[in-house]
Amino acid sequence: MFPTLQLGPLALPTGPFTLLLGVWLGLWLAEREADRLELNRDHVSALAMTGLLAGLVGARLGYALAHLDAYLVDPLGLISNNLATFSLPAGLLIGVGAAWLYGRRQRLPLRVTLDALAPALGALSGALALSQLASGDGFGAPARLPWSLYLWDEWRHPTQVYALLAALLVFGAWWRWGQSAFAGFGFLLVVAGTAAATVFIEAYRGDSALLAGGWRTAQVLGLLVLGASLILIKRWHDAQPPTDGPRVDR
Amino acid sequence: MVTLLVGALWTSASREVAAGDVARMPSPHAGFPAPDFALEDLSGETVSLADYRGQVVIVNLWASWCGPCRAEMPALQSVYESLSAEGLVVLAVNSTAQDTEEAARAFVTEHALTFPVLLDREDSVSQAYRLRSLPSTFIVDRQGVIDSVLIGGPLAEAVLRSKVADLLAEAP
């Protein structure tokens, strides 16, 4: 594991750096896909950037609101360079909300735009697995297997590698089937595939957040997302014209 | 439908595994017991991390030549002054193997630091905590388990306060 890369006086956190590379790759893929789907690539790129930046600001504000006493003492802490002071739920909520508002303002068709973002989602999922492999986060449960990884003083399931392989598999499925079906299918395929992989791999994690009764939070959320994706796939498929007509986006 | 059913069964089966989770070895990562250490402070008295079980401990690894370490010391001092009555301890472990005792002493005097400053002459704490960059800060809860690992700096006072607030609220 290499949580930091020391470049002279600069300590580069490899986890966030890998995620940043994932964002860059994702944006590039989204622009390519926007071209293929005959969307305005600048609008798709701006939508993704709007979501990312609003998400970052929202995540920091959400964290600060949850720890208001601390930030009232030191308001400048809001612009701290520390990466451990973000709220993921707040970031997701505000990031997705901002992207949605931008998309509406530019009159981007929802399902086709989501399709354009599908490969970016796949790339981010792979980058997250790589960043966790670099930082040692998302580690597996202790296990003595030929492919176990020695991490945090134990031989463990290499869950970060499982997640990376799953991300590649989902990306491959999108590449093979996700670009040819009805509008919105590519996006839902990536979401459903990622959720299914989370449900499966989380069972081997050694750091799962647990709900009452020992249920793993990520698995329960993964099941909900998987269920919602499968329902939408059925609905959006049924909304298609019966013949080989053009892709619709209602 | 079949996919969801299989997923639900798998989720339920792995719940049992979670319930039987085994105790963890000490390791410098969030969720693991903090590796214990015993070092001399500037007055020559031996201080160990285990002495502070039941309190929230900020273990800060630093060196006097490290700019971000120097920059975050006032925040550590301020947090220590205002929260020590609630059970917060700061252990500033000087990475003496790559610093000098004289420089460490001069720095402590210059900044009027009142929390324990320990001397890691043999580099043992740096190794146990797999120090890769300075400063590195580990926040340990009342049970001796690492709650947060903050690599790099300087840490803002708000960051430190937010990270210890919930831990201090827990019963000793």
Side-chain angles (χ1 to χ4, degrees), chain A residues 1-6 9-13 15 63-64 66-85 135-137 139 141-142 151-154 192 195-196 199-200 202-208 210-211 213-216 218-220 222-223 226-227 230, chain B residues 1-22 24-33 35 66-68 72 75 78-79 82 130-137 139 147-166:
Chain A
M1 303 304 107
F2 295 97
T4 53
L5 194 62
Q6 195 73 38
L10 184 69
L12 196 66
Y63 182 87
H67 300 89
L68 198 54
D69 289 348
Y71 283 85
L72 285 176
V73 173
D74 177 24
L76 284 179
L78 270 175
I79 52 169
S80 151
N81 62 357
N82 194 278
L83 299 170
T85 49
S135 66
D137 291 327
F139 55 85
L151 179 61
W152 308 125
D153 300 302
E154 292 259 27
V199 170
F200 180 69
E202 189 69 20
Y204 299 107
R205 288 270 292 257
D207 64 342
S208 297
L210 299 182
L211 298 168
W215 296 91
R216 294 172 195 250
Q219 280 186 316
V220 174
L223 269 179
L226 178 61
L230 293 178
Chain B
M1 199 62 200
V2 175
T3 311
L4 279 177
L5 191 64
V6 171
L9 286 173
W10 179 252
T11 299
S12 181
S14 49
R15 178 175 61 105
E16 311 241 345
V17 176
D21 207 357
V22 290
R24 289 174 171 168
M25 302 282 285
S27 210
H29 192 74
F32 288 78
C66 150
E72 72 185 14
S78 172
V79 170
S82 57
R130 303 200 192 131
L131 179 66
R132 289 184 188 271
S133 69
L134 286 168
S136 287
T137 304
I139 297 179
D147 182 76
S148 311
V149 179
L150 307 166
I151 306 290
L155 293 175
E157 188 174 337
V159 174
L160 289 166
R161 284 179 177 274
S162 69
K163 291 293 175 188
V164 299
D166 292 343

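Predicted model, so just to flag it, every value in this text is computed and none were measured.
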Side chain / backbone / both / neither for [X] at chain B, heavy atoms under 4.5 Å:
{"X": "A:N82", "value": "side chain"}
{"X": "A:S80", "value": "side chain"}
{"X": "A:D137", "value": "both"}
{"X": "A:L230", "value": "side chain"}
{"X": "A:V73", "value": "side chain"}
{"X": "A:F139", "value": "side chain"}

Interatomic distance, CD@A:E154 vs OG@B:S27, rounded to 0.5 Å, equals 9.0 Å

Which of [options] touches chain A most, by non-hydrogen pairs under 4.5 Å:
{"options": "B:P26, B:A156, B:G7, B:A158", "answer": "B:A158"}
{"options": "B:H29, B:K163, B:M25", "answer": "B:H29"}
{"options": "B:A8, B:S148, B:G31", "answer": "B:A8"}

What I'd like to find out is whether the side chain of [X] reaches to under 4.5 Å of the side chain of [Y], using heavy atoms alone.
{"X": "A:T85", "Y": "A:Y71", "result": "yes"}
{"X": "B:R161", "Y": "B:V79", "result": "yes"}
{"X": "B:I151", "Y": "B:S133", "result": "yes"}
{"X": "A:P142", "Y": "B:R24", "result": "no"}

Checking B:L160 against chain A: side chain, backbone, both or neither under 4.5 Å from a heavy atom? neither

For B:W10 and A:F200, take the angle between the two ring planes, folded into 0 to 90°, and tell me which bin it lands in: parallel under 30, tilted 30 to 60, perpendicular over 60. parallel

Assess the side chains of A:E202 and B:S14: does a donor N or O sit below 3.5 Å from an acceptor N or O? no

